[in-house]
Amino acid sequence: EVQLQASGGGLVQAGGSLRLSCAASGFSFDDYAVGWFRQAPGKEREGVSCLTSSDGLTYDGDSVKGRFTISSDNAKNTVYLQMNSLKPEDTAVYYCAAGFPNCTVVGYQNTAYDYWGQGTQVTVSS
């Protein structure tokens, strides 16, 4: 069974850090792009970061550049999102997703992603 499990969310003060994890089972990230998205109440889902596992290339959204870092541990079939200098506007449910074959092709188009995790809540207090 193909599954993505997102975890690591929580409550943190502004300026703090969190690391989200996205663990895959039933398939390998090696052939996919892995994206992190977020959705705040009343807002559309927003692409945050994307990583192409095969070549390690990453893309970050403008709102998180310099603060968030996406990375992977291929041996664990897990992708991480290190979030530093968090702001209240980063508050959202964060989702990970896998799309074929790479970030250049799938970008942040929701419909281009084949598998989605269940989401993890990140709340940043001011």
Side-chain angles (χ1 to χ4, degrees):
E1 179 186 5
V2 171
Q3 203 169 23
L4 289 179
Q5 183 73 34
S7 62
L11 173 64
V12 64
Q13 288 188 333
S17 298
L18 282 173
R19 188 177 80 157
L20 306 183
S21 299
C22 178
S25 58
F27 76 106
S28 171
F29 277 146
D30 289 350
D31 299 322
Y32 286 82
V34 179
W36 282 100
F37 294 78
R38 65 186 182 186
Q39 189 164 20
K43 294 188 177 181
E44 293 187 353
R45 189 169 294 183
E46 173 191 16
V48 174
S49 294
C50 187
L51 177 147
T52 299
S53 299
S54 60
D55 58 18
L57 286 178
T58 63
Y59 298 85
D60 297 315
D62 289 339
S63 62
V64 304
K65 278 181 181 176
R67 300 188 299 121
F68 291 10
T69 303
I70 189 171
S71 63
S72 66
D73 184 334
N74 291 346
K76 294 183 178 179
N77 213 24
T78 299
V79 171
Y80 304 98
L81 185 68
Q82 178 66 44
M83 306 187 296
N84 298 328
S85 301
L86 282 162
K87 304 175 181 180
E89 50 264 43
D90 294 318
T91 295
V93 177
Y94 283 70
Y95 300 88
C96 61
F100 184 82
N102 57 54
C103 296
T104 301
V105 173
V106 299
Y108 294 126
Q109 303 173 71
N110 288 357
T111 55
Y113 285 78
D114 302 302
Y115 309 119
W116 288 84
Q118 83 287 3
T120 184
Q121 176 71 47
V122 171
T123 303
V124 184
S125 63
S126 56

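Just the heavy atoms: all of them, side chains too, but no hydrogens, waters or symmetry mates, feed the values below.
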Taking every non-hydrogen atom, the tightest pair across C22 and W36: CB-CZ2, 3.6 Å
Considering all heavy atoms, the nearest Q121-A92 contact: NE2-O, 3.4 Å
Are L81 and S49 close enough, and set up right, to give a side-chain contact (heavy atoms from CB on, under 4.5 Å), and what steps lead you there? CA-CA 8 Å; L81 185 68; S49 294; 3.8 Å; yes
Apply the test side-chain contact (heavy atoms from CB on, under 4.5 Å) to residues D90 and M83: give CA-CA distance (whole Å), side-chain angles for both, the deciding distance (0.1 Å), then the verdict. CA-CA 9 Å; D90 294 318; M83 306 187 296; over 6 Å; no
Under 3.5 Å: donor-acceptor pair, side chain of [X], backbone of [Y]:
X: S72; Y: S53; answer: no
X: N77; Y: F27; answer: yes
X: T120; Y: G9; answer: yes

Nearest-0.5 Å distance, CD of residue Q118 to CG of residue L4: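 The CD atom of Q118 sits 9.0 Å away from the CG atom of L4.
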If we ignore angles and hydrogens, is there a donor and acceptor under 3.5 Å between the side chains of S63 and E46? yes
Partners of D62 by salt bridge (Lys or Arg N to Asp or Glu O under 4.0 Å), sequence neighbours excluded? K65
Determine the interplanar angle of the Y115 and Y32 rings, folded into 0 to 90°, and report it as parallel if under 30°, tilted if 30 to 60°, perpendicular if over 60°. tilted
For the residue pair F37 and W116, categorise the inter-ring angle as parallel (less than 30°), tilted (30 to 60°) or perpendicular (more than 60°). tilted
Which disulfide (SG to SG under 2.5 Å) pairs, counting each pair once, include a residue from residues 27-92, with sequence neighbours left out? C50-C103
